[in-house]
Amino acid sequence: MRIATWNVNSIRTRFGRVVDWLVREDVDVLAMQEIKCRPDQFPVEAFAQAGYELEIHGLNQWNGVAFASRHEMSDVARGFAGMPGFGKPIAGQEAVQGVDAAGLPLEARALGVTVGDLRLWSLYVPNGRALGDPHLDYKLRWLEALREDAAGWLEADPELPLALMGDWNIAPLDADMGDPSFAVGRSTHVSPEERAALAAFAPLVEDVVRPIVPEGYTFWDYKAGRFPKDQGMRIDFIMGSRAFADAVTGAAIARAERTGDAPSDHVPVVCDIDPSLLGGTFEDEYDRPMVF
DNA sequence: ATGCCCTCCGGAGGAGGA
């Protein structure tokens with residue numbers, strides 16, 4: 001079973017490329033970020049024709065997360081319980097996009113689904129924008145709230161095959177920073193605070209791709225020829241719980257998706273799961289014949 | 001370097017990205 005995450009940078013611009021890749025690579029479940037549209041604007045037909053169902057969480061032209069899956073999805077969660085909002089309290093926003101406990105509007109940055117035994121989240125972690133910007137504080141609070149909720153999920157079920165996957169907007173190691181416009185002490189994505197926020201997930205989930213793909217970036221800025229110079233960043237991760245990580249049999253970073261016509265600035269990050277290693281009752285109907 | 005490129009909305013130029 002193949003699972004992937006991809007910041008697509010507008011699904012309306014990219015859907016042909018995305019569906020082609022899903023079919024070509026035989027992907028079962030894709031977590032998308034930055035779809036940049038509402039559900040009524042999402043190109044669902046292109047996915048349906050390729051055999052994929054969708055769960056979509058998009059509020060407006062910003063952010064937006066979704067899942068495409070060949071398998072049934074259930075227990076859909078739009079946002080997590082402790083997720084903070086951002087911006088100014090706006091009267092009437094409760095009905096439009098929901099608000100947090102402080103009355104701040106929630107953004108479309110987290111979508112959870114269950115596929116078989118797997119609990120999967122598509123996450124678009126706030127960018128942070130700049131050191132000292134209130135958006136960076138939002139980023140850190142958002143991550144801490146996610147960590148607290150994820151700790152609760154795993155406390156309730158330590159054997160839960162959980163994957164937190166998406167665009168984390170943090171380069172955890174110096175080897176993950178190849179873009180010279182990012183530097184410790186000068187920019188977001190590499191600050192000690194952000195790296196500590198990601199490292200705090202260590203007791204819960206681990207990067208399941210790095211042990212198999214030790215090198216390579218997942219994002220290259222469109223500006224300044226960052227891709228041809230290979231000045232990218234590794235900021236997209238599949239973070240798996242113990243039970244999830246134990247079932248991983250392979251992984252890849254689809255670097256070729258940054259080439260050709262109209263690429264996203266991010267590429268897909270992929271892992272393969274052997275359902276028989278999950279120890280549960282998941283049946284992959286694409287691997288096993290249906291018995292009637 | 002308040003730059004570069006790309007996408008959004010709206011119909012110009014600002015916001016946001018990382």
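Since the model is a prediction, treat every value here as computed from it, not as a measurement. Below, all heavy atoms of this structure are taken into account, side chains as well, without hydrogens, waters or symmetry copies. Chain identifiers are assigned alphabetically (A, B, ...) following the order of the sequence lines, protein sequences preceding nucleic acid strands; residue numbering begins at 1 within each chain.
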[X] [atom1] to [N] [atom2], straight-line distance once rounded to whole Å:
{"X": "Arg226(A)", "N": "dC6(B)", "atom1": "CZ", "atom2": "C1'", "result": "15 Å"}
{"X": "Asp133(A)", "N": "dT2(B)", "atom1": "CG", "atom2": "P", "result": "16 Å"}
{"X": "Arg12(A)", "N": "dG10(B)", "atom1": "CZ", "atom2": "C1'", "result": "13 Å"}
{"X": "Gln33(A)", "N": "dT7(B)", "atom1": "CD", "atom2": "P", "result": "17 Å"}

For this session: Apply the test salt bridge (charged side-chain N to carboxylate O under 4.0 Å, His left out) to residues Arg195(A) and Asp174(A): give CA-CA distance (whole Å), side-chain angles for both, the deciding distance (0.1 Å), then the verdict.
Result: CA-CA 11 Å; Arg195(A) 286 172 163 178; Asp174(A) 288 346; 3.1 Å; yes

Which value, in whole Å, describes the distance between the [atom1] atoms of nucleotides [N] and [M]?
{"N": "dG10(B)", "M": "dG16(B)", "atom1": "P", "result": "15 Å"}
{"N": "dA1(B)", "M": "dG13(B)", "atom1": "P", "result": "27 Å"}
{"N": "dT2(B)", "M": "dA12(B)", "atom1": "P", "result": "29 Å"}

For this session: With sequence neighbours excluded, give me every side chain to side chain donor-acceptor pair (under 3.5 Å) pair touching residues 200-221 of chain A.
Result: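 For residues 200-221 of chain A: Asp176(A)-Arg210(A), Glu206(A)-Arg242(A), Thr218(A)-Asp236(A), Trp220(A)-Asp230(A).
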
Problem set entry | Sequence-distant partners of Phe47(A), ring pair (Phe, Tyr, Trp, His ring centres under 6.0 Å), two or more places apart |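 Here the qualifying residues are Phe42(A).
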
Problem set entry | Glu257(A) bridged to Arg24(A) by N-O distance under 4.0 Å |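 Salt bridge present between Glu257(A) and Arg24(A).
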
Exercise. Does the pair Arg147(A)/Glu144(A) count as a salt bridge with the N-to-O cut at 4.0 Å?
Worked result: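 Answer for the salt bridge query: yes.
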
Problem set entry | Within 6.0 Å of CD in Glu148(A), more than 12 heavy atoms from elsewhere |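 Atom CD in Glu148(A) is packed in, count exceeds 12.
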
For this session: Say whether Glu34(A) and Ser10(A), considering side chains only, have a donor N or O and an acceptor N or O under 3.5 Å apart.
Result: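 Short answer, no.
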
Exercise. Can you list the stems that DNA chain B is part of, where a stem is at least 3 pairs in a row, each Watson-Crick or G-U, with both distances below 3.5 Å?
Worked result: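 Counting only runs of 3 or more consecutive pairs, the stems involving DNA chain B are B:5-9 with B:13-17.
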
For this session: For DNA chain B, determine which residues of residues 13-20 of chain A have any heavy atom closer than 4.0 angstrom to one of its atoms, and list them numerically.
Result: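 Close to the strand are Thr13(A), Arg14(A).
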
Exercise. Parallel under 30°, tilted from 30 to 60°, perpendicular over 60°: which one fits the rings of Tyr138(A) and Phe86(A)?
Worked result: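 Judged by the thresholds at 30° and 60°, the geometry between Tyr138(A) and Phe86(A) is parallel.
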
Exercise. Between Arg78(A) (side chain) and Ala110(A) (backbone), is there a donor-acceptor pair under 3.5 Å?
Worked result: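 No, Arg78(A) side chain to Ala110(A) backbone: no donor-acceptor pair under 3.5 Å.
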
For this session: Under the salt bridge (Lys or Arg N to Asp or Glu O under 4.0 Å) rule, collect the residues that match up with Asp261(A), sequence neighbours excluded.
Result: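 If we apply the salt bridge (Lys or Arg N to Asp or Glu O under 4.0 Å) test to Asp261(A), skipping adjacent residues, there are no hits.
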
Seminar exercise, completed: Protein heavy-atom contacts under 4.0 Å, written 5' to 3' over nucleotides 13-18 of chain B as B (base), S (sugar-phosphate only) or - (none), form the string --BSSB

Exercise. Arg2(A) and side-chain hydrogen bond (donor to acceptor under 3.5 Å, both in side chains): which partner among Asp26(A), Asp28(A), Asp272(A)?
Worked result: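 Passing option: Asp272(A).
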
